[in-house]
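Input: a single structure, listed below in structure tokens.
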Amino acid sequence: MSYFITIEGPEGSGKSTVIEGLQAYFDKHLPVITTREPGGIKISESIRSIILDSDDKMDYRTEALLFAASRRQHLVEKVLPTLKEGKMVICDRFIDSSLAYQGYARGLGVEDILKINGYAIEGKFPDLTLYLHVPPEIGIARIQSNSRETNRLDREKLDFHQRVVDGYEALYKTYPERIVKIDATQSPEAVLNACIQVINKRFNLDMI
Ligand code: TMP
């Protein structure tokens with residue numbers, strides 16, 4: 001049952017709603033926790049505020065290194081011990097976010113981002129990644145119309161968000177076994193159902 005599942009996608013792709021729904025569904029059947037990046041534990045939440053809460057200009061490589069540092073601490077302090085207890089871990093964002101946002105959208109290059117993250121994760125890639133796909137115009141319109149506060153990366157221009165989506169599309173082609181693309185323009189119920197079906201099928205959990 002110790003499956004490591006990550007949920008990825010651009011701004012406004014509905015990750016939070018899906019994750020709440022997955023937690024509610026799987027809780028009835030097996031031990032499961034949900035967590036998020038950057039964050040999930042004290043040190044990584046502190047790094048999160050350094051990266052996201054300030055409007056100060058941050059060097060892109062500094063940003064990439066902070067995401068990787070946060071990822072490392074969260075992995076060793078929370079994800080790995082929880083998997084060892086035999087629980088399913090559903091994580092809001094992981095390495096693919098750094099590859100899409102820092103590697104592609106910031107233009108730092110996927111190779112370099114893979115290198116620093118390789119050091120951080122020591123080969124611990126997710127067992128399954130659900131990529132919630134929405135075109136950037138729809139995603140941005142969604143976050144502008146809901147009440148959640150925007151962060152420094154949300155406020156980037158549309159072409160940045162287009163590059164994030166292009167990055168995810170490229171990653172999806174690079175890792176076709178691990179990454180499953182979900183049409184997140186559907187209703188929240190349909191998106192959740194699609195995600196549940198993919199997880200059940202991938203891990204032969206159809207009986208639950
Ligand atoms: P969230 O809005 O999903 O909580 O994520 C916070 C922001 O951080 C979001 O704009 C995506 C960005 N991010 C990166 O740029 N690189 C990363 O590695 C991660 C985990 C998040």
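Order of appearance sets the numbers: ligands from 1, and atoms from 1 within every ligand.
- If you run side chain to side chain donor-acceptor pair (under 3.5 Å) between Arg178 and each of Asp96, Asp127, Thr6, only Asp96 comes through.
- For atom 1 (P) of ligand 1, the closest non-hydrogen atom on the protein side is Arg93 NE, 3.6 Å.
- At least one donor-acceptor pair closer than 3.5 Å links the side chain of Asn151 to the backbone N or O of Asp154.
- Rounded to the nearest 0.5 Å, atoms OH (Tyr3) and CG (Leu205) are 5.5 Å apart.
- Given atom 13 (N) of ligand 1, the protein heavy atom at minimum distance is Phe67 CZ, 3.3 Å.
- What sits closest to atom 16 (N) of ligand 1 on the protein, heavy atoms only, is Gln102 OE1, 2.8 Å.
- Panel note: side chain Arg93, backbone Gly9; a donor-acceptor pair is recorded below 3.5 Å.
- The protein atom (non-hydrogen) at minimum distance from atom 18 (O) of ligand 1 is Ser98 OG, 2.6 Å.
- Under the rule for a side-chain hydrogen bond (donor to acceptor under 3.5 Å, both in side chains), the partners of Arg155 that lie at least two apart in sequence or sit in another chain are Asp55, Thr150.
- Within the structure, every pair that satisfies the salt bridge (Lys or Arg N to Asp or Glu O under 4.0 Å) test and touches residues 68-84, not counting sequence neighbours, is listed here: Glu37-Arg71, Arg72-Glu122.
- In this comparison of Arg36, Glu37, Arg48, the heavy atom closest to atom 4 (O) of ligand 1 sits on Arg48.
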Taking it one step at a time, do Gln162 and Asp166 satisfy side-chain hydrogen bond (donor to acceptor under 3.5 Å, both in side chains)? CA-CA 6 Å; Gln162 182 62 60; Asp166 294 345; 3.0 Å; yes
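- If you check which protein heavy atom lies closest to atom 2 (O) of ligand 1, you get Asn151 ND2, 3.8 Å.
- Counting only distance, with no hydrogens or angles, the side chain of Asn200 and the backbone of Gln197 share no donor-acceptor pair below 3.5 Å.
- For ligand 1, the atoms lying closer than 4.0 Å to a non-hydrogen atom of Lys15 are 3 (O).
- With hydrogens left out, the protein atom closest to atom 10 (O) of ligand 1 is Glu11 OE2, 2.8 Å, a heavy atom.
- Interface of Arg71 with ligand 1, defined as ligand atoms under 4.0 Å from a residue heavy atom, comprises 17 (C), 18 (O), 20 (C).
- Contact annotation: for Ile95 versus ligand 1, there are no heavy atoms closer than 4.0 Å.
- If you check which protein heavy atom lies closest to atom 6 (C) of ligand 1, you get Leu52 CD1, 3.6 Å.
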